[in-house]
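To keep things clear, I will list the structure first and then write my remarks on it.
Numbering of ligands and ligand atoms starts at 1, following listing order.
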Amino acid sequence: MVALESLKVAVIGAGTIGSALARELALAGCEVRATRRRLDRVRDLEELGVHLTSDNVEAVGGADVVFVVLKPHKVVPVLQAVGAALEGKLAVSLAAALDLALLRQAFPGVRWIRAMSNTAIPVRQAFTMYAPSPEVTERDLAVAQAVFGLLGTYEEVEDGYMDALTAMAGSGPAYIYTMLEALIYGGLRVGLPRDLTLRAAAHTAIGASRLLLSSGEHPAVLRDQVVTPGGVTIEGIFALEEGQIRTAFMNAVKAATEKSLVLAEETRRKIRDDLPE
Ligand SMILES: NC(=O)c1ccc[n+]([C@@H]2O[C@H](COP(=O)([O-])OP(=O)(O)OC[C@H]3O[C@@H](n4cnc5c(N)ncnc54)[C@H](OP(=O)(O)O)[C@@H]3O)[C@@H](O)[C@H]2O)c1
């Protein structure tokens with residue numbers, strides 16, 4: 001286990017994901033420098049001891065590990081401006097679309113890990129997927145895993161899966177919220193109180209997910225356990241099937257994946273065109 005206390009971390013791009021990451025790092029005792037241009041938007045991080053600056057060179061220069069949490073098109077120009085300060089460091093990119101081949105081509109002296117997390121970081125329930133480049137050491141991996149562990153659970157995946165995972169799991173909270181909203185509206189439709197319906201829907205989703213993970217069973221098996229002959233649940237299931245809910249979810253992931261692949265390809269091509277030969 002890596003001790004995170006006093007690890008020096010730079011978070012480049014303290015936006016939605018970056019500021020949530022900086023917060024967890026600071027709470028874990030890391031020495032955090034977080035950057036963005038509009039620092040007034042994240043002043044609350046200072047109360048946790050995060051050093052805020054708009055100077056990316058200063059932040060990277062003083063860091064053992066650099067987290068890059070910029071919009072994809074900004075990563076290369078912003079890091080090129082950082083220059084030599086990044087050389088020889090472990091850097092974790094959370095930017096969508098930028099694969100390891102591109103990151104290594106643009107910054108060959110850096111030990112890269114590509115990662116994708118989600119918005120559940122503030123409640124430490126994010127699912128972070130990561131792919132290390134061959135240069136990454138055992139110690140680098142241990143450091144990155146210790147940080148990902150602060151955010152929730154994590155899993156190493158092949159870089160080639162990342163664009164599809166962006167569409168399925170990165171965008172996943174949006175699908176789950178859509179499902180939860182529909183469940184809540186179902187409750188309202190039959191006259192249940194608004195707040196109670198929201199809690200009932202959310203806790204049911206948490207409980208069902210936990211049971212799925214701990215049982216190791218397929219969801220179809222767990223669902224079947226709830227369905228009694230001529231009972232209540234089968235009526236609900238029948239209505240869901242009539243609404244083709246499973247087809248809708250599968251189509252959603254396919255459509256989002258196709259978009260993710262097109263956008264990623266476009267982003268990489270544009271960036272490659274601007275790279276020196
Ligand atoms: N949101 C998600 O659910 C999610 C999930 C997984 C991964 N991601 C990935 O994480 C990355 C960040 O996403 P996000 O949603 O957190 O975006 P975001 O809120 O826009 O954060 C990006 C931050 O970068 C800062 N920035 C821009 N130029 C900068 C510069 N020159 N130096 C330092 N900071 C600079 C911006 O702040 P200023 O304008 O104040 O500089 C902004 O706050 C993206 O690549 C995205 O693909 C997002």
**OP:** Quick one: look up the protein heavy atom nearest atom 37 (O) of ligand 1 and list residue, atom name and how far away it is.
**Re:** R36 NE, 3.3 Å
Original post:
Under 3.5 Å, N or O to N or O, is R38 touching ligand 1 that way?
Top reply: yes
Subject >> Numbered atoms and elements of ligand 1 in range of A96, under 4.0 angstrom, heavy atoms >> reply: 45 (O), 47 (O)
Subject >> Under 4.0 Å to a heavy atom of T35 - the qualifying atoms of ligand 1, by number >> reply: 33 (C), 34 (N)
Original post:
Which residue holds the protein heavy atom closest to atom 48 (C) of ligand 1, what is that atom called, and what is the gap in Å?
Top reply: I17 CG1, 3.6 Å
Subject >> Nearest neighbour in protein (non-hydrogen) for atom 20 (O) of ligand 1 >> reply: K71 CE, 3.3 Å
Original post:
Considering only the protein, which heavy-atom contact is closest to atom 11 (C) of ligand 1, and what is its distance?
Top reply: L70 O, 3.4 Å
Subject >> Closest to atom 22 (C) of ligand 1 (judged by heavy-atom distance), picking from I12, T128, V69 >> reply: V69
Original post:
Can you list the ligand 1 atoms lying under 4.0 Å from a non-hydrogen atom of A95?
Top reply: 45 (O)
**OP:** Flag the pair D64 and K8 as a salt bridge only when some basic side-chain nitrogen lies within less than 4.0 angstrom of an acidic carboxylate oxygen.
**Re:** no
**OP:** Determine whether V32 and H51 make a side-chain contact, defined as any pair of heavy atoms from C-beta on separated by less than 4.5 Å.
**Re:** no
**OP:** Going by heavy-atom distance to atom 23 (C) of ligand 1, choose the closest among G15, A97, A174.
**Re:** G15
Original post:
Among protein heavy atoms, which sits nearest to atom 27 (C) of ligand 1, and what does the distance come to when rounded to 0.1 Å?
Top reply: R37 NH2, 3.4 Å
**OP:** Find out whether E24 and R124 are in side-chain contact, i.e. whether some heavy atom of one side chain is under 4.5 Å from a heavy atom of the other.
**Re:** yes
**OP:** Take every heavy atom of G170, measure it against each atom of ligand 1, and state whether any distance is under 4.0 Å.
**Re:** no
Subject >> K74, portion touching ligand 1 at heavy-atom distance under 4.0 Å >> reply: side chain
Original post:
Do D163 and R268 meet the salt-bridge criterion of a basic N to acidic O distance under 4.0 Å?
Top reply: yes
Original post:
Does a side-chain N-to-carboxylate-O contact under 4.0 Å join R269 and E266?
Top reply: no
**OP:** State, yes or no, whether a side-chain contact exists between L188 and R194 at a heavy-atom distance under 4.5 Å.
**Re:** yes
**OP:** Would you sort out whether R23 and L45 count as a side-chain contact (heavy atoms from CB on, under 4.5 Å), showing the intermediate values?
**Re:** CA-CA 6 Å; R23 185 184 166 78; L45 287 174; 4.0 Å; yes
Subject >> Residue M116 vicinity, atoms of ligand 1 by number, heavy atom under 4.0 Å >> reply: 6 (C), 7 (C)
Subject >> Closest approach of any protein heavy atom to atom 8 (N) of ligand 1, naming residue and atom >> reply: L94 O, 3.9 Å
Subject >> Least distance between heavy atoms, V65 atom then L7 atom >> reply: CG1-CD2, 3.8 Å
Subject >> T119 neighbourhood, listing ligand 1 atoms whose heavy-atom distance to it stays under 4.0 Å >> reply: 3 (O)
**OP:** Flag the pair R114 and D99 as a salt bridge only when some basic side-chain nitrogen lies within less than 4.0 angstrom of an acidic carboxylate oxygen.
**Re:** no
Subject >> Shortest protein heavy-atom distance from atom 25 (C) of ligand 1, along with the residue and atom involved >> reply: G13 CA, 3.9 Å
Original post:
Do E156 and P132 have side chains that get closer than 4.5 Å, going by heavy atoms?
Top reply: yes
Original post:
Are any of the side-chain heavy atoms of F238 and E242 separated by less than 4.5 Å?
Top reply: yes
Original post:
What about the rings of Y130 and F148, do their centers lie closer together than 6.0 Å?
Top reply: yes
Original post:
Would you say ligand 1 has an N or O under 3.5 Å from any N or O of T16?
Top reply: yes
Original post:
Looking at ligand 1, does any of its N/O atoms fall within less than 3.5 Å of an N/O of S117?
Top reply: no
Original post:
Who's the nearest protein heavy-atom neighbour of atom 32 (N) of ligand 1, and how far?
Top reply: N56 ND2, 3.1 Å
